[in-house]
Peer 1: 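I'd like to ask some things about the structure below.
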Amino acid sequence: MHDGPHGAHTDVWMAIARHSPLGILCDLDGTLVPFASSPEEARPDADAIKLVTDLASLPGIIVAIVSGRPKDWLESFFPGDQVFLVAEHGAYRRGAGAWQNVADLDPAPLASLAAELDALVARHPGALLERKSTTVALHYRNVRRGQRGELLIETFAIIDRFLARHPAYERLEGVLVAEVRPASVKKSSAVPWMREKAGPGARLIAIGDDVTDEHMFQACGPQDESIVVRSAESRRTAARWELESSDEVRAVLRYFHNVRTGQTPLPIILPRQITRSSAPSSAQERTLLVVSNRLPDFRPVEGDEGERKKNVGGLVSALEPALRARGGMWFGWSGRTVAESEPIESGIAESGIAQFAWVDYKESWYRGYYSGFCNGTLWPLFHSFPSRVTFSDDSWAAYQEVHEHLAEYASNLVGPRAMLWVHDYHLLLFAKAMRQRGHTGPMGHFLHIPFPSLDMFSMIPWASQILEALLDFDLLGFHTPQHVANFLACASAMLPAKVADDVIHHRGHSTHVAAMPIGILPDSFQETPEPAVVEEVEGLMRSLGNSKLVLGVDRLDYTKGIPERLIAFGKLLDKFPEWRGKVSLVQVSVPSRADVPLYAEQRATIESIVGRINGELGEAAWVPIRYLYRSYGKSQLTQLYRAASVGYVTPLRDGMNLVAKEYVAAQDAENPGVLMLSQFAGAAVEMRDAVLTNPYHADGMARDLDRSLRMGLDERKTRHAKLLASVQRSNAVTWAEGFLDALGACAKG
Ligand code: GDG
């Protein structure tokens with residue numbers, strides 16, 4: 001593709017350079033002028049001004065600077081009228097005559113947004129707000145990498161709220177800048193304008209580096225050419241050609257000038273054609289690949305008009321800022337299965353969140369790998385439910401086979417030195433499969449579920465193979481110190497490995513091991529709900545006869561201890577009959593793995609317990625247990641948390657349990673509810689101020705429930721304040737950034 005000055009494209013570019021009329025649309029920042037550390041410092045120098053002005057003065061050619069900058073600023077560098085100017089992405093333009101105000105927009109709504117973002121910028125060293133008459137742009141190029149994620153989360157929250165109220169505006173993300181601008185104003189409007197100015201038969205060349213320049217590229221016709229300037233950035237582009245730097249842009253403009261003035265052209269640099277294929281052309285440039293079994297919901301964004309889907313999943317919110325700030329890609333299963341005889345499809349999609357690479361699974365993989373080894377063997381065993389475990393050679397073979405396929409695909413998505421962050425029990429062998437394909441870059445794994453004790457782990461017939469494969473990672477992250485200790489005990493006992501503190505040396509490779517408890521985004525559980533949401537939750541409360549609410553929220557899974565929780569609630573009503581008619585349990589169970597027989601069985605068990613308790617104790621005006629086999633929107637869920645007097649979070653075993661943290665984050669600090677938390681949830685390590693309970697002991701749980709329901713305001717407030725501090729101390733974003741920083745560090749060390 002780098003065919004160089006003497007390659008096949010020399011003739012093409014000679015013809016373009018000679019064409020009349022020719023119109024050149026050239027962006028400024030990052031295109032004609034290199035990036036500087038602040039927008040003030042980035043300014044065209046004398047060489048750039050002369051080059052553009054000389055070119056624009058030649059017959060048969062017109063040149064426009066098409067920029068996001070304000071018009072006065074542009075005019076101070078190009079005062080004459082040889083060079084045409086397009087300011088603020090097309091809101092204003094100047095041909096040979098006076099400025100035209102194309103957009104004619106009321107800039108007032110942006111003032112409040114700018115004030116909010118100003119306050120944010122003041123708290124983040126290096127962040128900078130640029131205010132123009134029609135746009136507001138937050139630059140974060142000078143914010144330290146590790147701190148960008150948090151800033152971006154807050155920025156996007158503010159911007160999203162603004163956009164919800166002002167649909168005429170849109171958000172644009174450029175290179176290390178987030179910008180809000182009127183949706184109707186785009187650089188694309190400069191293209192037909194220049195075509196008209198240039199006259200019949202014109203060919204246009206659009207040059208730019210930013211997403212705003214993509215609008216120009218998309219508006220170019222088949223007779224035109226578009227050139228993107230990019231170095232390491234691997235953004236998808238509509239441009240047909242590429243250059244690497246503003247020096248190269250200048251060299252190309254100089255080439256045009258020389259060709260048209262009959263000087264000996266020195267074709268030092270010419271644009272290089274961009275090749276397109278279904279495999280990413282820029283695999284070598286991608287620096288981060290996240291791999292998980294399931295991808296978050298995403299929908300491809302089609303050009304401008306594509307709808308960006310909001311995704312509420314915790315992992316997505318945690319990873320989104322890290323992926324954005326590092327230009328990463330997320331790879332996983334599409335969620336679709338194909339018959340054995342059908343081809344496996346795969347692809348890459350852009351979304352508002354990140355670049356996603358997806359792959360279908362064969363039906364046999366779904367059965368053997370996903371339902372079989374992942375959810376029939378590893379899930380129950382790692383959660384210490386040996387009686388629910390099945391071992392089968394076939395499903396182990398499927399587990400290995402799927403790793404080979406996924407690694408094969410992943411090794412085409414990134415270069416061998418890229419950083420890989422692999423998630424969860426579905427992908428324990430991934431590093432090994434990648435190393436076999438020559439991957440040398442840092443690879444880290446985070447286990448979202450518990451790592452079991454040696455007794456339990458050694459039941460797996462392939463235990464040492466799994467351990468060895470895990471030691472091909474450079475960093476292994478777990479939720480709790482106990483999970484770390486379990487892993488170290490297994491490695492010491494089962495492998496010829498040397499364990500020194502938190503590093504395991506095995507066959508010449510070192511693997512760091514760390515407890516890194518995942519967090520949530522606590523502020524997102526304090527957002528003001530829509531009136532319809534408030535109404536829905538109030539309606540539910542009314543239907544409970546306004547009794548105190550005890551709330552359980554889980555995926556329907558036997559590890560979550562739902563039957564035990566219901567039975568304990570029944571015990572409460574038996575042992576403490578004064579609560580009858582005064583308290584109700586709402587259990588929200590989100591459908592999960594419904595096609596696995598054990599899960600269907602679990603559902604039937606739960607329904608029969610609910611039926612029994614309601615039948616025995618229910619009254620006309622009071623239903624003891626309301627069982628909801630459905631999911632709620634995040635906003636509804638938040639209001640339910642807030643309405644609940646007790647957050648009843650009692651898994652039999654859980655890696656962490658995010659519901660516990662979310663419940664705390666959603667409370668009214670002046671009148672908070674009580675978190676009742678299983679001592680076997682990973683969250684119990686950090687959340688010592690919850691009412692910790694043993695979910696296997698129904699009598700004890702009933703007593704703990706009674707105590708929680710009776711707790712006075714002072715104790716509730718004190719406990720809540722401490723719990724909230726722990727939830728805020730490390731959030732989802734600091735968790736993701738922390739993992740990636742640690743992975744980077746252990747790869748260097
Ligand atoms: C695994 C580990 C670990 C639930 N119902 C609704 C809904 N949810 C959301 C919750 C929470 C998430 O689902 C559940 O997270 P958990 O942590 O409780 O449990 P797992 O799904 O088993 O997750 C676990 C986690 O990974 C992270 O590492 O903590 O131990 O098992 O965020 O809010 N969300 C919406 N509607 C619902 O009805 N929107």
Side-chain angles (χ1 to χ4, degrees), residues 292-294 296-297 309-319 374-375 378-380 382-385 421-427 445-452 477-480 482-483 515-522 524-525 527 529 533 536-537 540 551-562 565 586-593 599 602 627-642 644 647-666 675 677-678 680-687 727 730-732 735-736 739:
S292 65
N293 168 61
R294 251 328 252 281
D297 289 335
K309 185 163 181 174
K310 286 272 271 181
N311 196 303
V312 294
L315 193 57
V316 186
S317 316
L319 290 176
C374 292
N375 291 326
L378 293 177
W379 176 268
F382 278 39
H383 282 91
S384 306
F385 287 88
W421 187 4
V422 180
H423 289 264
D424 229 353
Y425 61 102
H426 313 89
L427 296 166
H445 183 276
F446 189 85
L447 186 69
H448 290 262
I449 64 174
F451 195 89
F478 301 89
H479 283 307
T480 72
Q482 184 61 55
H483 303 159
M516 305 175 168
I518 195 171
I520 59 165
L521 298 172
S524 70
F525 291 89
E527 279 169 13
V533 171
E536 189 180 342
V537 173
L540 178 68
L551 178 69
V553 175
D554 314 80
R555 275 188 310 97
L556 197 152
D557 194 293
Y558 52 82
T559 60
K560 302 291 181 183
I562 301 169
R565 182 184 309 175
V586 168
Q587 173 63 45
V588 177
S589 289
V590 182
S592 171
R593 305 173 196 167
Y599 287 74
Q602 178 79 181
Y627 172 67
L628 303 163
Y629 180 63
R630 55 165 286 186
S631 67
Y632 276 95
K634 172 156 176 216
S635 186
Q636 278 91 337
L637 196 62
T638 305
Q639 294 317 305
L640 271 177
Y641 286 149
R642 202 173 165 91
Y648 196 23
V649 186
T650 59
L652 300 175
R653 187 76 58 176
D654 220 328
M656 171 55 67
N657 196 300
L658 295 178
V659 170
K661 296 191 170 184
E662 293 166 0
Y663 175 76
V664 167
L675 173 66
L677 178 62
S678 162
F680 304 118
V685 175
E686 296 163 275
M687 306 183 88
V727 168
S730 69
N731 63 31
W735 170 77
F739 186 95

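Remember, it's 1-based here, ligands and their atoms both numbered in the order they're listed. Values below: all heavy atoms of this structure, side chains included; hydrogens, waters and symmetry mates excluded. Note that the structure is predicted; figures quoted are calculated from it, not measured.
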Peer 1: Answer side chain, backbone, both or neither: which part of Asn657 comes under 4.0 Å from ligand 1, heavy atoms only.
Peer 2: both
Peer 1: A side-chain contact here means heavy atoms from C-beta on lying under 4.5 Å apart; do Ser589 and Leu628 qualify?
Peer 2: no
Peer 1: Need the ligand 1 atom indices (1-based, order shown) with element for anything under 4.0 Å from a heavy-atom of Gly655.
Peer 2: 30 (O)
Peer 1: Establish, from distance only, whether the side-chain atoms of Asn657 and Tyr663 form a donor-acceptor pair under 3.5 Å.
Peer 2: no
Peer 1: Between Arg294 and Asp424, is the closest basic N to carboxylate O distance under 4.0 Å?
Peer 2: no
Peer 1: Go through the side-chain N and O atoms of Lys634 and Ser524 and say whether any donor and acceptor fall under 3.5 Å apart.
Peer 2: yes
Peer 1: Which ligand 1 atoms are under 4.0 Å away from a heavy-atom of Lys634?
Peer 2: 39 (N)
Peer 1: Just to be sure I read this right, does ligand 1 sit under 4.0 Å from the backbone of Gln636, its side chain, both, or neither, counting only heavy atoms?
Peer 2: neither
Peer 1: So that I know where these two stand, are Trp421 and Phe446 an aromatic pair - ring centroids less than 6.0 Å apart?
Peer 2: no
Peer 1: Relative to ligand 1, is Ile518 under 4.0 angstrom through side chain, backbone, both or neither, heavy atoms considered?
Peer 2: side chain
Peer 1: Can you list the ligand 1 atoms lying under 4.0 Å from a non-hydrogen atom of Lys560?
Peer 2: 18 (O), 19 (O), 20 (P), 22 (O)
Peer 1: Taking N or O atoms only and a 3.5 Å limit, does Trp379 qualify as a polar contact for ligand 1?
Peer 2: no
Peer 1: Would one find an N or O of His383, backbone or side chain, under 3.5 Å from an N or O of ligand 1?
Peer 2: no
Peer 1: Are Tyr425 and Phe382 close enough that their ring centers fall under 6.0 Å?
Peer 2: no
Peer 1: Is there a side-chain contact between Glu536 and Tyr632, using heavy atoms and a 4.5 Å cut-off?
Peer 2: yes
Peer 1: Would you mind running through ligand 1 and noting each atom that sits below 4.0 Å from a heavy atom of Glu662?
Peer 2: 10 (C), 11 (C), 32 (O), 33 (O)
Peer 1: Between Trp735 and ligand 1, find which residue part has any heavy-atom pair under 4.0 Å and reply side chain, backbone, both or neither.
Peer 2: neither
Peer 1: Would you say Val553 and Leu637 make side-chain contact, with heavy atoms under 4.5 Å?
Peer 2: yes
Peer 1: Find all atoms of ligand 1 within a distance of less than 4.0 Å from any non-hydrogen atom belonging to Val553, and give their numbers and elements.
Peer 2: 4 (C), 5 (N)
Peer 1: Using heavy atoms and a threshold below 4.0 Å, how should the contact between Leu658 and ligand 1 be classified: side chain, backbone, both, or neither?
Peer 2: both
Peer 1: Is there any N or O on Val588 that sits under 3.5 Å from an N or O of ligand 1?
Peer 2: no
Peer 1: Distance only, no hydrogens: is a donor on one side chain within 3.5 Å (strictly under) of an acceptor on the other, for Arg565 and Thr650?
Peer 2: yes
Peer 1: Whether the His423 and His445 side chains hold a donor-acceptor pair (N or O, under 3.5 Å, no angle test) is what I'd like checked.
Peer 2: no
Peer 1: For Arg555, which part has a heavy atom under 4.0 Å from ligand 1: side chain, backbone, both, or neither?
Peer 2: side chain
Peer 1: Between Arg653 and ligand 1, which part of the residue brings a heavy atom under 4.0 Å of the ligand: side chain, backbone, both or neither?
Peer 2: neither
Peer 1: Please indicate whether any nitrogen or oxygen in Arg630 is less than 3.5 Å from any nitrogen or oxygen in ligand 1.
Peer 2: no
Peer 1: Should one rank Phe382, Phe525, Tyr641, Tyr632 by closest heavy-atom distance to atom 38 (O) of ligand 1, which comes out on top?
Peer 2: Tyr632
Peer 1: For ligand 1, which atoms, with element, lie under 4.0 Å from some heavy atom of Met656?
Peer 2: 3 (C), 24 (C), 29 (O), 30 (O)
Peer 1: Quick one, His483 and Pro452 - any side-chain contact, counting heavy atoms below 4.5 Å?
Peer 2: no
